[in-house]
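Indexing begins at 1, ligand by ligand and atom by atom, following the structure's order. Only this structure's heavy atoms are used, side chains among them; waters, hydrogens and symmetry mates stay out.
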Amino acid sequence: MPGFELFGEEERKEVNDVLQTGILMRYGFDGPRKDIWKSKLLEEAICKKFGCKFAQLVSSGTAALTTALASLGVGAGDEVIMPAFTFVASFEAVISVGAVPVLVDIDDTLTLDPGAVIKAITPKTKCIMAVHMCGSMADLDALLKICKEHDLLLLEDACQSIGSTYKTKYLGTLGHAGTFSFDFVKTITCGEGGVVMTSNEDIFRKSDGYSDHGHDHKGIDRGADLHPFVGYNFRISELHAAVGLAQIRKLDEFLKIQRKNHQELKNILSEVPEISFRKIPDPSGDSCTFLSWFMPTEELTRALVTELMHQNILAGNFYWFDNNWHYIRKWDHLKNGATLNTLNDPQNEALQKIRQTSFSVSDQVMSRCVSTAISLIWTEEQLKEKGKKMAGAIKKILSKHGVSA
Ligand SMILES: Cc1ncc(COP(=O)(O)O)c(C=O)c1O
């Protein structure tokens, strides 16, 4: 997810515009800012590019999820169904609004298994948080149908899938609200930043206020703004938005390179018939930030990871099953309720349930999965060499374990 790989003059120019006025804040200071409004311009660009009516920039993807949940009215006692493979921000946001994280299995799309979602629905379920992991998408037809039938809200976490589409619509714009992260390792970056997207004006107004201390942004100055509700400070700065403005203009180019490199690497790895690839609900919409693939068994995957390490080619290949950030297996702090402040009773009960739940279906998928990050700056030679070395290492392990000739 490498927007930072192609960082240059365009970003510097946008940042310099802001530095020249010295107005680093996105709101107010109308005179001295000399009509430089980078956050507003980036919000407009997001609406135009992704096809949502409203966009609220915030300080991170985590802040975007928190803001979206609050604006959707998700709070104490409400259950939010989310996948067992995601990023820690998913449950952090749910817990921070007082709601209850309900973790369910993923399938070979590496995203929510719709069947597992249906099984997890209770009278307290309010929202399904679909997390479009690793550049690709969840089965949105299935999830939208479930939401409609059960009168649930759909929040799309598209933080890792900026520019992916599902049946021609951009991820993050199909649910009631959607989020992107613009942190340093995302497809386009602000350094730090995030956005809540929606086409519902009420959700947008709430996101706008919630991310800025509840300000209604209608006063003649900030001191005159009213506060229809309590909010927090999740504001983005003009400097960060300036970087994002340069990056969003490059997004199509980034996607083009990613898709080309992804296809070439996939072609090389496809020469090994024993490996299979992640299921993608709409292959033409994959943003291709990662190529995710499966070895036949966990044992073979572990042997391969060791081999890649020995050959010094593990970098850029992620074995999420052992990763402390992304998979339930390693989230002891969540399972043990290790929070600094006291959780509410429904949250404590939910965590106890998570401790007792087997995620063996997800384990079956994740223990065999490797995701290879796609770089924008590989040369043709580097790409071919990487693919050849990876295919060679896979074949070596398979043959060593008697799986192929
Ligand atoms: C799926 C997902 N959601 C949310 C986030 C949080 O984004 P941020 O780092 O901007 O808070 C991330 C960050 O990696 C992510 O991968």
Point to revise | Test salt bridge (Lys or Arg N to Asp or Glu O under 4.0 Å) applied to K49 - qualifying residues, sequence neighbours left out | key: D252
Review point. Cationic tip of R329 within the cone over F359's six-membered ring, i.e. under 6.0 Å and within 45° of the normal?
Key: no
Review point. N/O of T62 under 3.5 Å from N/O of ligand 1, yes or no?
Key: yes
Exercise for review: Report, in ascending order of atom number, the atoms of ligand 1 lying under 4.0 Å from any heavy atom of V131.
Suggested key: 1 (C)
Study note, to complete from the structure: Taking only non-hydrogen atoms of Q160 and a 4.0 Å limit, the atoms of ligand 1 in range are 1 (C), 16 (O)
Check your understanding: For ligand 1, which atoms sit closer than 4.0 Å to a heavy atom of A89?
Key -> 4 (C), 5 (C), 6 (C)
Review point. Can a cation-pi geometry be assigned to K266 and F277, taking NZ or CZ under 6.0 Å from the six-membered ring centre and within 45° of the ring axis?
Key: yes
Review point. Would you say K389 has more than 12 foreign heavy atoms packed within less than 6.0 Å of its NZ?
Key: no
Review point. Is the count of non-hydrogen atoms from other residues, nucleotides or ligands lying under 6.0 Å from N267 atom CG greater than 12?
Key: yes
Check your understanding: Does K186 come within less than 4.0 angstrom of ligand 1, counting non-hydrogen atoms of the residue?
Key -> yes
**Study point:** Electrostatic pair R205:E201 at N-O distance under 4.0 angstrom
**Key:** yes
Check your understanding: Which residue pairs pass the side-chain hydrogen bond (donor to acceptor under 3.5 Å, both in side chains) test when at least one of the two sits in residues 227-236, sequence neighbours left out?
Key -> D212-R235
Practice item. Enumerate the atoms of ligand 1 whose separation from the nearest heavy atom of C159 is less than 4.0 angstrom. Key: 2 (C), 3 (N), 4 (C), 15 (C)
Check your understanding: Under 3.5 Å, N or O to N or O, is T86 touching ligand 1 that way?
Key -> no
Point to revise | Atoms of ligand 1, numbered as shown, that sit under 4.0 Å from any heavy atom of S60 | key: 10 (O), 11 (O)
Check your understanding: Which is it for D157 and ligand 1 at heavy atoms under 4.0 Å: side chain, backbone, both or neither?
Key -> side chain
Exercise for review: Have a look at F87, F85, F184 and point out the one with the heavy atom closest to atom 5 (C) of ligand 1.
Suggested key: F87
